[in-house]
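I have placed the structure first, in the form of structure tokens, so that the comments after it can refer back to it.
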Protein chains: 2
Amino acid sequence: MAESKARQVTLRSIADQLGLHVSTVSRVLNGRADDGARAASGDTATRIRRLAQELGYQPDPHGSGLRTGRSKLVGVLVPRLSDLVLAMIYEGIDEAAGELGLTTITANSRDDDKTRRVRTKMLLARRVEGLIFGDASLDSGFLDELAADGGKFVLVNRRAGEHPSVTADDLLGGRLAAEHLLGLGHTDVAVIAGEPYASTGADRTAGFVGLYRDRGLPAPRVVHSPFDTAGGRLAAERLLADPNRPTAIFAVNDFAAIGAMGAARDHGLTVGTDISIMGYNDTPLAAELPVPLTSVSVPMRDMGRRALQMLTRLLFGGEVRSERLPPVLAARASTARIRPAAL
Amino acid sequence: MAESKARQVTLRSIADQLGLHVSTVSRVLNGRADDGARAASGDTATRIRRLAQELGYQPDPHGSGLRTGRSKLVGVLVPRLSDLVLAMIYEGIDEAAGELGLTTITANSRDDDKTRRVRTKMLLARRVEGLIFGDASLDSGFLDELAADGGKFVLVNRRAGEHPSVTADDLLGGRLAAEHLLGLGHTDVAVIAGEPYASTGADRTAGFVGLYRDRGLPAPRVVHSPFDTAGGRLAAERLLADPNRPTAIFAVNDFAAIGAMGAARDHGLTVGTDISIMGYNDTPLAAELPVPLTSVSVPMRDMGRRALQMLTRLLFGGEVRSERLPPVLAARASTARIRPAAL
DNA sequence: TTCCCTAACCCAAACGTTTGGGCCAAACGT
DNA sequence: ACGTTTGGCCCAAACGTTTGGGTTAGGGAA
């Protein structure tokens, strides 16, 4: 494209200009070091390299892909890229892919099974070498089918079944959240748990609820919702409508937490004093909010990086073991010691 | 990949199984309608189609790309995908691309000229047919160079030079913001203007400042900052440190506005009563914040869609004219009529 | 009956790479 | 002096498609 008139610069054009054979040029430019060394004299090799450089030669992926059967493409399926969490994970994936000479193609599944299948088929039609799913659903057989068909993939962020995955330890994260709120004296708490099909929300909720149960306290109320701000607001409104509302709310997602903060304010409550609210993921936004949001920090970009690396291990024959990264609590002003007056 | 053992299903394998020639199969499956009709009898055609369907044939893009010289790929360069605005624009681009049988590849430039060049080169090496830049910079010659080299591209969100672009009418948006604040009685205002190299911030600021000047009012203070929350907070802190601080702040970006809200709160000010703050883009978050944020709504997804469509027009020989989409004000609680007491 | 037409195919080349196998001449070993 | 190695290169096939141009057989017109 950058040379629409000047025709493509190809191995052949370089070879012709130098009076060499195309295979010689190929070996020098792309063969493994030893192969290239035997293919041409040092002098010829530098002449080739210099001309290639000068002409801005870039191997045509169609040609090499056709010959080698390798596309150097990996597909990434996410619920939606406009979800900041997934966007950051994707950035990690793409970063690591670039370092390995791979290119990523991404698509949104909108957490819809039909779309998921269609988009995956499109990625496979593009001959991706492997896939990374950021939208794994606990209740869909899709991944099992794909694995049975010999599809190579890893999961990121959400786990499902026994498929290899890179996730944060959401169970632990949920416990951290519970410990934090308990430490502040909150015994009457509620969870905005996200979508039931996502392991992230489910595990965080399970960890949270588990700790309260372990301490012999009444089980927190659990209400499901979408992972976004509007969903969080609605869920919180339901909770706050209750005459004896909880003194603290744990939302499994920062955006849901922000929605909950809005709902709290609508109820005339000041977040951090009248009610404690915490989120999850420690989005860059969390620390900068008017009332800084307590959250649980997970290494999103790193999760992406590791997922890509795990996928390449998988592709090059290795067996892989799922990884579970540790989360860490980020306490801020949105959660505070319970005030009896608040009741 | 889905058939790692069963070997690829190719035109040849289909042809062999039916005792036909590969070219016949190709014409039926992929030729234009008339070509396909002349290539085989209706009966043969259905046999071919049925088998292809049954085997799940998907044309190999390496093969067809090599032959036709078309990759059906378009490259999308953005500052960062973890910027919600760009993510939504990209979703629009990708959506429209899918409808046209195109696939998008995206990369982050981090608004850094070196990275921009490197990533663009990578996209070109992948043989994208055209590019969409969401990271145009007012002060870089890069796009001019690329255009001179015959590169096919359009800009989205930000404009630059005379290159074809799909943007919102940011000048108008800035005026809308100014009218809104003026209508509420704010004559002492400030702008958090974003990065100077981005046309978005520059135009919004120019429109805003222009209206105040047109009305013969003192020129608003203008302070630059990154487009994110932390940047907005810092900029606002500078503004609020001034003993006679502005009664309203216009941030050219919702995230910067959120940061500004945080800074205001730190200064003991209640947003919407003690001080008015407004943002830009009308991010989904804006309406759901504890104090709902007044913003200027721009059709981000549609901008993406149109950019992709404009690019295809450009690729298929047409001339194109830049488009400027109208923004609309979304007034909310974060801006209110000035109270003399606030001074 | 002869000629032409058309429907329904097949043939072959080309796109740019990669890669296993030549081939030749010069250098080396004995 | 003669065989062997080896450095330095060339050959050719193959990957899966597309596409301009055959080729054949059967049917219709004259």
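First the proteins, then the strands, lettered A, B, ... as listed; each starts at 1.
Between the side chain of A/Thr68 and the backbone N or O of A/Ser64, at least one donor-acceptor pair lies under 3.5 Å.
Taking a cutoff of 4.0 Å between a charged side-chain nitrogen and a carboxylate oxygen, A/Lys152 and A/Glu129 do not qualify as a salt bridge. A salt bridge links B/Arg117 to B/Glu145: one of the charged nitrogens lies within less than 4.0 Å of a carboxylate oxygen.
For the side-chain hydrogen bond (donor to acceptor under 3.5 Å, both in side chains) test with B/Ser109, the passing option among B/Thr115, B/Asp135, B/Thr120 is B/Asp135; the others fail.
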| note | Protein heavy-atom contacts under 4.0 Å, written 5' to 3' over nucleotides 8-14 of chain C as B (base), S (sugar-phosphate only) or - (none), form the string BBBBBBB

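Residue A/Leu66 has its side chain nearest to D/dC15 when only C/dT17, D/dT17, D/dC15 are considered. Of the candidates C/dT17, C/dC15, C/dG16, the closest approach to any side-chain atom of A/Arg12 belongs to C/dC15.
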| request: Quick one: the dot-bracket string of DNA chain C, using Watson-Crick and G-U wobble pairs with both distances under 3.5 Å, [ ] for crossing pairs and | for bases paired to another strand. | output: ||||||||||||||||||||||||||||||

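Distance A/Lys72 NZ to D/dC15 C1': 17 Å, rounded to the nearest Å. Atom pair A/Asn30:CG and C/dT19:P shows a separation of 9 Å (rounding to whole Å applied). Between the CZ atom of A/Arg70 and the C1' atom of D/dG16 there is a distance of 19 Å, given to the nearest Å. With rounding to whole Å, A/Leu11 atom CG is found 13 Å from C/dC15 atom P. Taking atom CG of A/Asp60 as the reference point, atom P of C/dG16 lies 7 Å away to the nearest angstrom.
In this structure, the side chains of B/Leu131 and B/Leu77 stay at 4.5 Å or more apart for every pair of heavy atoms.
Residues B/Tyr90 and B/Thr104 bring a donor and an acceptor atom of their side chains to less than 3.5 Å of each other.
When every heavy atom of A/Met303 is checked against every heavy atom of A/Thr167, the shortest pair comes out as SD-C, 4.0 Å.
Place B/Ser26 and A/Thr68 on DNA chain D by their nearest nucleotides, and A/Thr68 ends up nearer the 5' end.
Applying the salt bridge (Lys or Arg N to Asp or Glu O under 4.0 Å) test to residues at least two apart or on different chains, the pairs with a partner in residues 95-107 of chain A are A/Glu95-A/Arg305, A/Glu99-A/Arg305.
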